[in-house]
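A quick write-up on the structure given underneath.
Only heavy atoms go into these numbers, but all of them, side chains included; no hydrogens, no water, no symmetry mates. Every chain is numbered from 1, with letters handed out A, B, ... down the list of sequences.
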Protein chains: 2
Amino acid sequence: MINKHSSLPLYTQVERYLTTEIKNGGYHSGDLIPSERELSEKFQISRMTVRQAINNLVNKGILYRERGKGTFVAAPKIGYQLKGIVSFSEDMRRRGLEPSTKVVSFKTISNPPEHILNKLACQDEKKVIQLERIRFANEEPVAIETAYLSYKLFANLSEEDTGGSIYDFVRKELKLEIHRAEQQIEAAIVGEKDGFLLDISPGSPVLIVNRTTYLSNGVPFETVKTVFRADRYHFSIEMKNEQEDDHVFSRD
Amino acid sequence: MINKHSSLPLYTQVERYLTTEIKNGGYHSGDLIPSERELSEKFQISRMTVRQAINNLVNKGILYRERGKGTFVAAPKIGYQLKGIVSFSEDMRRRGLEPSTKVVSFKTISNPPEHILNKLACQDEKKVIQLERIRFANEEPVAIETAYLSYKLFANLSEEDTGGSIYDFVRKELKLEIHRAEQQIEAAIVGEKDGFLLDISPGSPVLIVNRTTYLSNGVPFETVKTVFRADRYHFSIEMKNEQEDDHVFSRD
DNA sequence: AAGTGGTCTAGACCACAAC
DNA sequence: TTGTGGTCTAGACCACTTC
């Protein structure tokens with residue numbers, strides 16, 4: 001079950017062993033799993049390696065520890081969970097819908113509004129790419145999206161690329177890693193133009209998501225405003241309780 | 001700068017050393033920080049301990065690594081960031097507003113709707129506590145909140161406790177740890193009753209947040225529906241790119 | 001070739017929980 | 001007292017990047 005000559009790290013193999021046991025019913029919610037020392041002896045690997053595996057599963061919310069007692073299986077998560085940052089297309093597919101896209105406009109803008117430059121941290125260049133798209137699910141319009149992309153990074157983005165996922169372009173063409181996104185979500189009444197494009201009547205509610213997305217070096221590469229039909233879209237997220245820095249002091 | 005006899009773990013001290021250096025301008029965005037081996041020698045601690053400190057800062061988005069190159073300072077985060085799960089009161093205070101609360105009703109319900117029991121995972125008991133509150137910021141109504149609490153856990157919750165934060169009760173009275181929350185966010189037009197309580201006109205948009213919150217053992221303790229005035233509230237979150245399990249296979 | 005982060009070992013002592 | 005997770009050590013070899 002653990003292969004020391006695999007290219008897969010040992011701790012990843014231990015993670016898979018544990019998650020498989022949980023899935024297949026070997027361990028249930030609230031169960032105590034074998035101690036770190038037991039597992040390290042069972043697999044003939046060091047305790048630190050077992051800890052690395054367990055740490056990862058604790059961070060994922062699959063296990064939890066109690067000091068002095070042991071490590072336990074957490075209750076399974078319920079419902080649809082949005083893991084990480086996904087593109088519109090992937091989001092729709094996970095909901096069982098078929099996504100499609102219509103590009104409304106695609107152009108380079110030389111003097112965009114200050115707040116766009118601020119969000120993209122490119123005040124030096126004063127040049128961004130603007131991309132407007134209508135997003136469909138099962139042929140029905142669901143959202144109007146206006147994206148501003150850093151010109152530095154996307155100078156080679158072609159019109160053909162705009163029909164698909166910008167995130168795929170970042171990962172596959174630019175070979176960069178997407179790390180985090182800051183989002184602001186608000187509710188509003190649809191404007192006249194958006195209402196027409198979304199095929200909803202005046203006075204209908206919409207969900208507006210403003211997202212700025214960052215690479216792992218902390219550089220923002222896109223800031224996007226998306227207007228969703230409220231009757232066709234809700235936003236699902238999972239939040240973790242990242243605790244603040246603790247206020248402990250030295251006693252020496 | 002590092003105290004081996006402190007009660008504070010060494011890796012926490014290294015974390016603080018690095019974040020302080022970054023804050024005070026010792027290192028800037030994109031800068032290469034000293035290598036793990038350099039730091040371990042400088043502080044006369046082992047490399048694994050330095051790694052634990054750096055891992056934590058990488059997870060927080062403060063540093064990032066590049067294999068073969070080194071560890072770098074990430075660009076600072078912009079804007080208001082909601083760290084972790086906060087109560088309404090704390091959320092408002094962070095926005096510079098003074099929160100207050102009016103309890104509309106507080107009662108035990110014996111046969112609540114099935115979906116409430118499912119979310120609280122207490123089908124066995126068929127008994128929950130219902131708490132309806134109006135939430136104010138600077139004396140103005142901002143949200144209508146309907147919370148369902150697990151009876152098992154909150155049997156001792158008194159009417160006086162309901163004016164404040166349920167999360168404080170969980171942490172201080174129950175001495176339990178809040179771990180994660182699943183949330184669904186949607187937009188809608190305000191209903192008649194809520195519109196009256198929120199003092200907004202018919203047809204106004206509202207942001208509806210449905211939240212279920214879990215302890216670290218995976219047990220849900222509350223499920224809450226909150227209706228916010230769209231003109232007074234937007235929801236801010238940060239998402240991280242938790243990557244899926246990689247599809248690597250053994251070559252042996 | 002030299003330096004970096006990624007993985008791993010075989011121990012150690014500590015604080016805490018349960019008995 | 002025994003067993004648990006929490007912290008820490010002093011090494012090791014690997015894959016990768018840069019020169």
Option from A:L57, A:T20, A:I62 for which side chain to side chain contact (heavy atoms under 4.5 Å, CB included) with A:E15 holds: A:L57
Checking side chain to side chain contact (heavy atoms under 4.5 Å, CB included) against B:T162, which of B:V103, B:I129, B:L149 comes through? B:V103
Pair A:Y17 + A:F43: ring centers closer than 6.0 Å: yes
With hydrogens left out and only the distance checked, is there a donor-acceptor pair under 3.5 Å joining B:R37's side chain and the base of C:dG5? yes
Euclidean distance, atom CD of residue B:E36 to atom P of D:dA10 [Å, nearest integer]: 16 Å
Side chain of A:D31, backbone of A:I33: donor and acceptor closer than 3.5 Å? no
The nucleotide from D:dA15, D:dT17, D:dG5 with an atom nearest the side chain of B:K69 is D:dT17
Applying a 4.0 Å non-hydrogen cut-off, can you work out what A:I54 is touching in the nucleic acid: base, sugar-phosphate, or nothing? nothing
Is A:S46 near enough to C:dG11 that one of its side-chain N or O atoms lies under 4.0 angstrom from OP1 or OP2? no
Hey, does the side chain of B:Y11 come within less than 4.0 Å of D:dC8's phosphate (OP1/OP2), counting only N and O? no
From CZ of B:R67 over to P of D:dT18, roughly how many Å is that when rounded to an integer? 13 Å
Atom-to-atom span, CZ of B:R51 to P of C:dC8 - whole angstrom: 11 Å
The side chain of A:R47 is closest to which nucleotide in this list: C:dT9, D:dG5, D:dT9? D:dG5
Return the value, rounded to whole Å, for the distance between atom CZ of B:R65 and atom P of D:dT17. 16 Å
Grab the CZ-P distance between B:F43 and D:dT9 for me, whole Å please. 12 Å
In this structure, how many angstroms lie between the C1' atom of D:dT4 and the CD atom of A:E38, rounded? 10 Å
Using whole Å, what does the distance between atom P of nucleotide D:dT18 and atom CD of B:E66 come to? 8 Å
Residue whose closest nucleotide on DNA chain C lies nearer the 5' end, A:Q44 versus B:G68: B:G68
Are any of the side-chain nitrogens in B:E36 or B:R65 under 4.0 Å away from the carboxylate oxygens of its partner? yes
With respect to the side chain of A:M48, which nucleotide from C:dT7, C:dG11, D:dG5 is positioned closest? C:dG11
Quick check on C:dG3: is either OP1 or OP2 less than 4.0 Å from any side-chain nitrogen or oxygen of B:S35? no
Measure from NE2 on A:H5 to C1' on D:dC14 and round the result to the nearest Å. 15 Å
What does B:E41 touch in the nucleic acid at a heavy-atom separation under 4.0 angstrom: a base, only the sugar-phosphate, or nothing? nothing
Taking only side-chain nitrogens and oxygens of A:T49, does any of them come within less than 4.0 Å of OP1 or OP2 of C:dT9? yes
Taking for each residue the nucleotide of DNA chain C with the nearest heavy atom, is it B:G70 or A:I45 whose nucleotide lies nearer the 5' end? B:G70
